[in-house]
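What follows is a set of notes on a single structure, which appears directly below.
These values consider heavy atoms only, across backbone and side chains, with no hydrogens, waters or symmetry-generated copies. Convention: sequence-line order gives letters A, B, ...; per-chain numbering from 1.
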Number of protein chains: 2
Amino acid sequence: MAVTIKDVALHAQVSRSAVSRTFTDGASVSDKMRKKVEKSSDLLGYRPNLLARSLTTNRTKLIGLISNNYKNPFFFEIFDLFTRGLQDIGLRPLLVNLTNDEDPKACAELLAQYSVDAVIFMGSELHAGFSTAIRQKDIPVVHSFGRPADDVQVHTISVDDKQCGQVAAQTLLKLGYKSVGFIGGGSTMQVINDRLIGFETEIAKHPDIKFCKHFAGTHSFVAGRNTMQKILEKPHADAYFFSDDILSIGAISAIQDAGLSVPNDIGVIGMNNMEMAGWNNISLTTIHQPTAQIVSSTIELVEAIMEDQERHPETRLFSCMLVERSTLRSNPKN
Amino acid sequence: MAVTIKDVALHAQVSRSAVSRTFTDGASVSDKMRKKVEKSSDLLGYRPNLLARSLTTNRTKLIGLISNNYKNPFFFEIFDLFTRGLQDIGLRPLLVNLTNDEDPKACAELLAQYSVDAVIFMGSELHAGFSTAIRQKDIPVVHSFGRPADDVQVHTISVDDKQCGQVAAQTLLKLGYKSVGFIGGGSTMQVINDRLIGFETEIAKHPDIKFCKHFAGTHSFVAGRNTMQKILEKPHADAYFFSDDILSIGAISAIQDAGLSVPNDIGVIGMNNMEMAGWNNISLTTIHQPTAQIVSSTIELVEAIMEDQERHPETRLFSCMLVERSTLRSNPKN
DNA sequence: ATATATTTTGCAACCGATTGCAAAGTTGTT
DNA sequence: AACAACTTTGCAATCGGTTGCAAAATATAT
């Protein structure tokens, strides 16, 4: 069995309180006592049991890390950032995979049973039932990389999706594209809708530009490819903005298979700037979201909320950035 | 504050034991009592605190899920499988990211402090210090998708790497390639070495075949691309077997940029059959590992070990399968 | 109805920690 | 040396549960 505080106390001939105090910072212990306890602890290999501790401190340092986006490699990058960021400050991510519509209510309950200090949801679509269930348990929630439905009050950190759409539109306009399209994942998702609004609003300022939109249903290679194949059966636009890089990559494969060229026949601009977008065989022009900043800001906010539970829900929006590569024409056509 | 067993006992006018018993299966409670308790619990919204429970049961249902492979999208697929598989049987993954050489000893200690019931390491290279540290704490470990160094005794579940190399070699031989190469990630990794051994041994049976090998240092697109670029500066083989799909994909981009064609000028066969390998614009011929089976077998083994800690370390090897796509010539050249 | 076997229940101790409080020990002042 | 002020320590209660044991309740046999 693992060595407990009792063993150390016995060995060092001191009270259990003394041992406890040397392991909680800010507690009052004399140097002499500390030395004595540390000697015994080292000898026996004692570490405080964090779960037992949590019983009295009401702090587990466990953070629920939830996502429903295990199919898009972009989220793996975010995963990496989150897990490292959390463990760097001594917090431990407890994972929940909501990919397959697992019951969000039950999942919220489970997190409560593990007394997580907070919950981070990463992904575009935060299930309303989940967030209310979790908040009802008084567990702080932060939603990152997405926007909740309008009626949900929750801390939100993401890129400015409308601006992303706007920048994409401006980029296409500047390059002289006359007929442009938007291709999104699901039509019901808030972030995708925002990107669409930003894009369409900007395009609408130029009545001579033709506009169309399509939805692929989900953010995946296959969805992008299939959607583009359908589009190519009829007359098409000369450039498309996609709500996710992975869609663009699928679409490009369809375009090329149809014997057309990117960017000569059709221009493509993606969204996210996932690592793959920079690969030389893809070289996707795309809108970059500052993932590292969003992640660290999320973690900071989580820390802050744990201190002050009453904090009012806040929204932090980050600016995007155009990353020019090779899937749009480089000069305005005239 | 959350509602506790005490609140329920008070409300239902029964003892705390009674409440506890209705929430632990196999305990002796009369139907009448159960109904009474359940009524109160439902009303108050009570769920047992799993961490408090763990104090007496010595079971947390927490499983440490460790990886040092957050850069290779193939592992995201495995991640998805593991997290879903675990939560399906009521276990919760506690994540540790070892990507950046975080101190494995400290990490092992941390997992012990959270009293995880077991640890799953997924990745090719299990740090010896880590595994001994964790086993010293009497926490069961299973290593999946990799092989530990020879001197480490630990439960191991993976594909038969030597066989993978062998199958790759046979495939190339059958298609009449006369000069073949092996391109691996790190030269020190056991799995890569095994793949090399399987490959080289098979090739060596045919003295007329030319053989060479290279190491890219790591499994990434860029590493594959750079390595191939170097190779192309001099006379090269006419087909290569890569120890990971992602290397192949990087290499293909280099080959194509050099104005050569896959498979006409150079054949490529990868390893893993990650989802991306099946994308139409890549269509990589590769060796498939049965990931779903490896994952579920790992989880089963973990459950078994938790029952019987004394179980002797065991190795489970799965067969691989060739997946033919478009990066090798389709008929023997003569 | 009584004796016996079986099931159900509550008491109290325990799991591994923390912490308020009062007693004991130090230090400084006069 | 006596006293006050402050620090350090241990006691005992507590966190939210589980569980062995004996008493109470119920079922079964005679």
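- Using modelled atom types, one finds no donor on one side chain facing an acceptor on the other under 3.5 Å when comparing S67(B) with N69(B).
- Note: NZ (K35(B)) to P (dT8(C)) measures 13 Å, nearest angstrom.
- Toward the 5′ end of DNA chain C lies the nearest nucleotide of R21(B), the other residue of the pair A52(B) and R21(B) mapping further downstream.
- Taking 4.5 Å as the limit, every side-chain heavy atom of R21(B) sits out of range of all side-chain heavy atoms of M33(B).
- Distances shown here put a side-chain N or O of Y46(A) below 4.0 Å from the OP1 or OP2 atom of dA17(C).
- The side chain of T4(A) sits closest to dA17(C) out of dC15(D), dG16(D), dA17(C).
- Using the six-membered ring where Trp is involved, F145(B) and F74(B) have ring planes that are perpendicular, over 60° apart on the 30 and 60° scheme.
- Nearer to the 5' terminus of DNA chain D, by closest-nucleotide assignment, is the contact made by L55(B) (compared with the other of A18(B) and L55(B)).
- To the nearest angstrom, C1' of dG16(D) lies 15 Å from CG of L10(B).
- Side-chain atoms of T57(A) and base atoms of dC15(D) include no donor and acceptor less than 3.5 Å apart.
- A distance-only check finds a donor-acceptor pair linking the side chain of S15(B) to the backbone of A18(B) [under 3.5 Å].
- Summarising the geometry, the separation between CD1 on I5(A) and C1' on dT19(C) is reported as 12 Å, rounded to the nearest angstrom.
- At a threshold of 4.0 angstrom between heavy atoms, the contacts of R59(A) with the nucleic acid are absent.
- Look at CG on D7(A): it is 10 Å from C1' on dG16(C), rounded to the nearest Å.
- Between L51(B) atom CG and dT18(C) atom P the separation is 15 Å, expressed in whole Å.
- Residues from residues 22-31 of chain A placing a heavy atom under 4.0 Å of any atom in DNA chain C, listed by number, are T24(A).
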Begin from the C-alpha positions of I120(A) and T298(A) and carry the test side-chain contact (heavy atoms from CB on, under 4.5 Å) through to its verdict. CA-CA 8 Å; I120(A) 297 174; T298(A) 301; 4.1 Å; yes
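- Residue contacts for S20(A): at a heavy-atom cut-off of 4.0 Å it reaches a base atom on one of the strands shown.
- Using a 4.0 Å cut-off between charged side-chain N and carboxylate O, E38(B) and K36(B) make no salt bridge.
- The distance between atom CZ of R16(B) and atom P of dT9(C), rounded to the nearest whole Å, is 17 Å.
- Atom CD of Q13(B) is separated from atom C1' of dT9(C) by 15 Å (rounded to the nearest Å).
- A donor N or O paired with an acceptor N or O is found under 3.5 Å between the base of dT19(D) and the side-chain atoms of S17(B).
- No N or O donor and acceptor, one from the side chain of S54(B) and one from the base of dC15(C), sit under 3.5 Å apart.
- Between the CD1 atom in I78(B) and the CD atom in Q289(B) there is a gap of 6.5 Å [rounded to 0.5 Å].
- Dashed line: the shortest gap from a side-chain N or O of S15(A) to OP1 or OP2 of dG10(D) is under 4.0 Å.
- Between R147(A) and the choices T315(A), I157(A), T156(A), the side chain to side chain contact (heavy atoms under 4.5 Å, CB included) rule is met once, by T156(A).
- A straight line from OH of Y114(A) to P of dG16(D) spans 18 Å, rounded to a whole angstrom.
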